[in-house]
Amino acid sequence: AGMNGTAIENFVCVIFNVSFMNCTWHVGRTASEDTQYFLYWKMSTKEDFTGCQNYIRDNCGRHTGCKFQNVTIENKRAYFLVNGSRSGHNIQSYKKTIILYKIEKLTPPLNVTVNCTEASYGCEIRWQPPRTSHVKRHACFKYEIAIENK
């Protein structure tokens, strides 16, 4: 249902700082300035959808994203629905399922220390794994170190 080209495009979500998630999208190609979008999501097919409480808006006041707090990745999937309205006309709905751990941007490693000694002409670098809500085994992480001589 709804006029072609009115559904959102380029829907992207990112989880950062362990429990924050931003989802953003572009307004549909044929959507007018009075089009308004509404985002709903749920963590399982058995739950009811929950609406966004903190929208990101464009210059026309249209919803073009949502900010979430206290997001957990315990359930691997999340289900998203974006619908809308425009002067009494229906807007095409957009649905997407996202595997949450794939969209998490990890924090940098914690407590990085460097201990260099002149006697051995070497350095020891230590760190702790980044904070994350879903990785329990530290062996899951791979690190890359770039050393620059200055």
Side-chain angles (χ1 to χ4, degrees), residues 4-33 35-84 91-150:
N4 284 341
T6 56
I8 64 163
E9 300 175 349
N10 301 320
F11 183 81
V12 176
C13 294
V14 176
I15 295 174
F16 60 97
N17 287 349
V18 180
S19 63
F20 295 94
M21 180 171 69
N22 284 357
C23 295
T24 58
W25 58 83
H26 293 137
V27 171
R29 290 183 311 278
T30 63
S32 60
E33 285 188 8
T35 300
Q36 190 57 279
Y37 295 101
F38 302 96
L39 171 65
Y40 303 91
W41 79 307
K42 60 184 178 177
M43 297 292 280
S44 79
T45 55
K46 296 174 184 168
E47 293 179 20
D48 290 330
F49 278 103
T50 301
C52 172
Q53 300 296 312
N54 190 10
Y55 281 106
I56 300 166
R57 300 172 192 270
D58 68 7
N59 292 338
C60 298
R62 295 177 293 196
H63 300 157
T64 56
C66 185
K67 297 178 182 180
F68 298 94
Q69 296 180 12
N70 303 317
V71 174
T72 60
I73 306 180
E74 293 163 2
N75 296 336
K76 292 183 180 178
R77 298 183 196 281
Y79 304 90
F80 295 88
L81 166 68
V82 181
N83 60 23
I91 302 298
Q92 287 180 318
S93 294
Y94 176 90
K95 293 180 181 179
K96 186 167 187 174
T97 301
I98 295 178
I99 299 172
L100 293 175
Y101 70 83
K102 290 186 175 184
I103 63 168
E104 183 178 19
K105 299 286 184 194
L106 297 174
T107 63
L110 303 170
N111 300 324
V112 177
T113 60
V114 179
N115 185 14
C116 298
T117 60
E118 288 185 27
S120 66
Y121 298 104
C123 294
E124 179 181 79
I125 304 170
R126 293 180 178 262
W127 61 86
Q128 293 175 331
R131 293 185 307 127
T132 178
S133 65
H134 72 286
V135 178
K136 305 301 181 209
R137 293 179 27 222
H138 298 312
C140 293
F141 292 103
K142 291 184 179 179
Y143 301 94
E144 182 176 307
I145 299 172
I147 299 174
E148 297 178 12
N149 270 344
K150 290 189 177 185

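Keep in mind it's a predicted model, so treat the numbers as computed, not measured.
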Within a strict 4.5 Å, meaning less than it, do heavy atoms of the [X] and [Y] side chains meet?
X      : Y      : answer
Thr64  : Val27  : yes
Tyr143 : Ile125 : no
Gln36  : Phe38  : yes

Can you list everything that forms a side chain to side chain donor-acceptor pair (under 3.5 Å) with [X]? Sequence neighbours excluded, please.
X      : value
Asp48  : none
Asn10  : His26
Thr117 : Ser120

Exercise. Do the side chain of Arg62 and the main chain of Ser32 share a donor and acceptor less than 3.5 angstrom apart?
Worked result: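 Confirmed, Arg62 side chain pairs with Ser32 backbone.
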Smallest separation among heavy atoms of [X] and [Y], with atom names:
X      : Y     : value
Gln53  : Cys66 : N-SG, 4.3 Å
Ser93  : Ala7  : O-CB, 4.1 Å
Leu100 : Thr72 : CD1-O, 3.9 Å

Within this structure, what is the [atom1]-[atom2] distance for the pair [X] and [Y], rounded to the nearest 0.5 Å?
X     : Y      : atom1 : atom2 : value
His63 : Cys23  : NE2   : SG    : 14.5 Å
Met21 : Ile103 : CE    : CD1   : 6.0 Å
Thr6  : Asn83  : OG1   : CG    : 10.5 Å
Arg77 : Lys102 : CZ    : NZ    : 8.5 Å
Phe80 : Lys96  : CZ    : NZ    : 9.0 Å
Asp58 : Thr24  : CG    : OG1   : 12.5 Å

Problem set entry | Counterpart residues, salt bridge (Lys or Arg N to Asp or Glu O under 4.0 Å), relative to Glu9 (two or more places apart) |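 Listed in chain order: Arg29.
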Exercise. Excluding sequence neighbours, so at least two apart, what forms salt bridge (Lys or Arg N to Asp or Glu O under 4.0 Å) with Glu118?
Worked result: none
Problem set entry | Passing candidate, side chain to side chain contact (heavy atoms under 4.5 Å, CB included) with Ile8, options Thr35, Val82, Leu39, Ile91 | Val82
Problem set entry | Residue pairs passing the salt bridge (charged side-chain N to carboxylate O under 4.0 Å, His left out) test where at least one lies in residues 13-24, sequence neighbours excluded |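 Qualifying pairs: none.
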Exercise. Is the Trp25 ring parallel, tilted or perpendicular to the Tyr37 ring (thresholds 30°, 60°)?
Worked result: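 Ring orientation, 0 to 90° scale: perpendicular.
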Seminar exercise, completed: Checking Tyr79, Phe11, Phe68, Phe49 against Trp41 for ring pair (Phe, Tyr, Trp, His ring centres under 6.0 Å), the one that qualifies is Phe68
